[in-house]
Amino acid sequence: MYKSHTCGELRKEHIGQEITLSGWVHRRRDHGGVTFVDLRDRFGISQVVTHPDISPEAHQALYPVRMEWVIQVTGIVRERPEGMENPDLATGYVEVEVNDVKILNPAQTPPFLINKEEEVDEQTRLEFRYLDLRRERMRDNLILRHRFIKFIRDYLDERDFLEVETPILFKTTPEGARDYLVPSRVHPGEFYALPQSPQQLKQMLMVGGVERYFQIARCFRDEDQRGDRQPEFTQLDLEMSFVGRDDVMELIEGMYTALVAEIVPHKKVLETPWPRMTYNEAMSRYGKDNPDIRFGMELQDITELVVESDFRIFASVAKKGGLVCGINARGLGDYSRKQLDELVEFVKRYDAKGLAYLALTTDGEERSSFAKFLAEETKQSILENMDAQPGDLLLFVADDEEVVYESLGLLREELADRLGLCDDDVLGFAWVIDFPLFTWNADEERWDPSHHLFTSPMPEDVHHLDSDPGQARGQQYDLVLNGNEVSGGSIRIHDSDLQEKVFGLIGLDPEVARQRFGHMLRAFTFGTPPHGGIASGIDRFCMLLADEPNIREVIAFPKNQSARDVMGDAPSPVEVKQLDELHIKLDLGEE
RNA sequence: GGGGGCGUGGUGUAGCGGUUAACAUGCGGCCCUGUCAAGGCCGAGAUCGCCGGUUCGAAUCCGGUCGUCCCCGCCA
């Protein structure tokens, strides 16, 4: 062994012992005579000291040593002289008086400082990810992620879940996101697909009698990147037989409640038991099906109040069956014209045509883009409706329901951000249930599943499938945390007739359905238990618990915005010979 | 596919029409026996992403391009 102790564990009780440490030179303080080195390993930092008159050889050996060199030192643990303790360091009451130094590996000067938590260009961090991982931020995130997954494994193991691995090479499912395809050498012209999730396979495991399954599953989707989206990501995938949706939700709520208490004890859960709201409630109150419930500023529907008003924009939208909603941005009543324009630009990103405002300044003035068109009485009822006080800023969007909800829902969170209404140490968990099973796709003139193809309708809504599929609710449940969807699941269809009916409703040709999902339809004829499950986005969850702005910070080797691995430089061209073996000819076109 | 932000020594920033391109940190050398972001002195290190244009003069203004990040589309 290269070390008898870690750099994080030395305490007063070790005083007098001869010990050996190995690690990286975190910092070096050379006083000409006495020299200090802060030696770092994954577990902490220990101060190492050499005196020219006590151990001249060790002192000499340490002379050329620089930051990030890997060294091994042997010496005696000493109590630090009085007044020289460092209470900021766990090991700060002792130091190691070194009598032997071995240089295990010198280091070039790193492109950025390991010992300083300053923002470094992300490109550089990713190019030298192995150095970035040495920094406290990434180390802590890796540890948090490990503990997160470890907790889940233990918790589910104790509850009789079986961890089962499912194939990475499986079958394409074009109805979801774009697939990553893998050409088959053995079968010319045929392809595997990397799984977008183990959805079908876990249902097959239920048919297979596993009853309680989970997996820390890598999933792949070939879509464009976002801060919370990577081409490959990790899900806790879970499925149970003989359960209803309450069973799944209770399990998950229990698990994450315990997890939070253990992994991030400094964080508080906003409300227990976690609130449950229907999809419709989430949309009308927050404009989103993944609302941040840590603050109010809820949407207020004033359509009825303005339908007969003289403000034509509001009135005409209201008469055409649209929606007029507002939010009260408390405390922004003194926003300047420029700041208001910014907000207008913000909602335009989501197709809102404008943003009407009514500001009550702190000194009692009223400024508004539209109030002059309103009868005094109408204005008063709006103010009352929205509980407007001096200093408040009322913001309104009038449009189709979809546009109103999206623009105001996101504006609400943007304003909360500006107003600092959200405490990162508060976890606002909520369940959203009773989603519509389908949403109408006007372009393709068919129903799209709002969750996925295998979600079971609510039993009392099954009859809607024949008459009015839009009315049918699915047995779906999403777990929302601080404005992010962190888990989504459903009770599945376990009946092949019902499954075929759903395929038909979403416009899947019966022949095509058989080709793609015949194995499932067949499996369901062999005695399938009622089953359901859930999948949690582990990257996203860890990102939130680590207070990080994007999931790359909780992934050891993430891809960049253009899906490239900048450290290993992937993807990359391949040898012609490799392509030949795969029976592939490239057609790269002109551009 | 579309829109926006950013690109200045290794790193983080300043400079925004004429500067010897500034500061911090890191790096090299010297001094220093109790520091812990050690300190002091000296020094090296940048043709300001790239190409073109405007101008007597461009890091600075304009156009293009590349890279990167964010957003829209996309993500059952």
Side-chain angles (χ1 to χ4, degrees), chain A residues 26-39 45-54 59 64 66-68 78 80-89 91-92 95 97 108-128 131-132 135 173-179 196-197 199-200 219-231 233 345-346 348-351 406-407 410 414 435 437-439 441 444 446-455 474 476 485 488 490 502-503 506-508 516 537 549-550 552 560-562 564 566 591:
Chain A
H26 192 64
R27 216 170 250 126
R28 181 173 181 277
R29 290 176 296 280
D30 183 351
H31 287 239
V34 64
T35 299
F36 301 96
V37 162
D38 289 339
L39 195 65
I45 288 176
S46 286
Q47 176 165 286
V48 155
V49 58
T50 59
H51 297 270
D53 35 3
I54 297 179
H59 191 256
R66 293 294 180 270
M67 281 198 292
E68 297 309 309
R78 302 283 189 208
R80 290 203 190 182
E82 199 167 335
M84 303 301 164
E85 305 90 352
N86 182 354
D88 297 333
L89 219 54
T91 60
E95 63 190 10
E97 189 182 281
Q108 281 189 10
T109 304
F112 50 83
L113 293 178
I114 309 302
N115 59 27
K116 194 174 171 189
E117 289 298 314
E118 74 181 342
E119 287 292 326
V120 175
D121 179 59
E122 195 169 1
Q123 166 95 4
T124 311
R125 290 177 61 203
L126 291 181
E127 198 176 328
F128 298 93
L131 297 180
D132 195 30
R135 307 214 294 173
T173 48
E175 29 285 311
R178 218 172 278 120
D179 281 323
Q196 296 178 24
S197 83
Q199 181 60 37
Q200 297 179 40
C219 307
F220 305 86
R221 291 179 194 176
D222 185 8
E223 297 295 347
D224 287 335
Q225 307 303 290
R226 282 290 188 286
D228 59 358
R229 265 162 34 195
Q230 283 269 301
F233 59 99
E345 287 311 307
F346 183 89
K348 280 186 175 169
R349 297 213 291 252
Y350 308 100
D351 292 335
E406 184 178 21
S407 57
L410 290 167
E414 165 72 16
F435 283 76
L437 191 58
F438 301 108
T439 48
N441 182 333
E444 308 276 335
R446 57 146 203 257
W447 294 99
D448 281 342
S450 42
H451 183 219
H452 61 52
L453 308 142
F454 312 111
T455 300
Q476 179 192 342
E485 183 197 326
S490 63
V502 169
F503 286 160
I506 63 167
L508 207 57
R516 290 193 192 139
N550 68 64
R552 294 186 299 275
N560 74 1
Q561 181 80 4
S562 43
R564 190 167 274 289
V566 293
E591 278 298 283

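Note that this is a predicted model, so its numbers are computed, not measured. Chain A is the first sequence line, chain B the second, and so forth, proteins listed ahead of strands; every chain is numbered from 1. Keep in mind that the numbers below use all heavy atoms, side chains included, and drop hydrogens, waters and symmetry copies.
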For A/Arg552, enumerate each residue passing the side chain to side chain donor-acceptor pair (under 3.5 Å) test, keeping only those at least two apart in sequence or located in another chain. A/Glu122

Mind checking A/Ser562 for me? I need base, sugar-phosphate or nothing, with any heavy atom below 4.0 Å counting as a touch. sugar-phosphate

I'd like to check the side chain to side chain contact (heavy atoms under 4.5 Å, CB included) partners of A/Leu113; sequence neighbours left out, ordered by chain and number. A/Met67, A/Asn115, A/Lys116

Apply side chain to side chain donor-acceptor pair (under 3.5 Å) to A/Glu175 and list each qualifying residue two or more places apart in sequence or on a separate chain. A/Arg516

Are more than 12 heavy atoms, taken from residues, nucleotides or ligands other than A/Glu117, located less than 6.0 Å from that residue's CD atom? yes

Report, as a single string ordered 5' to 3', how protein heavy atoms within less than 4.0 Å touch nucleotides 28-43 of chain B: B base, S sugar-phosphate only, - not at all. SSS-BBBBBSB-----

Apply side chain to side chain contact (heavy atoms under 4.5 Å, CB included) to A/Asp351 and list each qualifying residue two or more places apart in sequence or on a separate chain. A/Val403

Could you list the residues that satisfy side chain to side chain donor-acceptor pair (under 3.5 Å) with A/Glu95, not counting sequence neighbours? A/Gln47

Residues that A/His31 engages under ring pair (Phe, Tyr, Trp, His ring centres under 6.0 Å), provided they are two or more places apart: A/Phe36

Identify, with sequence neighbours excluded, every residue that meets side chain to side chain contact (heavy atoms under 4.5 Å, CB included) alongside A/Gln225. A/Gln230, A/Pro231, A/Gln561, A/Ala563

Sugar-phosphate or base contact per nucleotide [nucleotides 2-14 of chain B; S, B, -; heavy atom under 4.0 Å]: --------SSS--

Determine whether a donor-acceptor pair (one donor, one acceptor, N or O, separation below 3.5 Å) exists between the side chain of A/Arg229 and the base of B/rC75. yes

Quick check: on RNA chain B, is the nucleotide nearest A/Gly176 upstream (toward 5') of the one nearest A/Arg226, or the reverse? Name the residue that is more 5'. A/Arg226

Once side chain to side chain donor-acceptor pair (under 3.5 Å) is applied, do any residues pair with A/Arg564, and if so which ones, sequence neighbours excluded? A/Asp569

Can you sort out the partners of A/Asn86 under side chain to side chain contact (heavy atoms under 4.5 Å, CB included), two or more places apart, ordered by chain and number? A/Arg80, A/Asp88, A/Leu89

Quick one: the dot-bracket string of RNA chain B, using Watson-Crick and G-U wobble pairs with both distances under 3.5 Å, [ ] for crossing pairs and | for bases paired to another strand. ((((((((.[[[[.)..(...]]]].(((((.......))))).....[[[[[..)....]]]]])))))))....

With nearest nucleotides of RNA chain B determined for A/Arg552 and A/Gln225 from heavy-atom distances, which residue corresponds to the more 5′ nucleotide? A/Arg552

Determine the Euclidean distance between corresponding C1' atoms of B/rG15 and B/rG53; express it in Å to zero decimal places. 24 Å

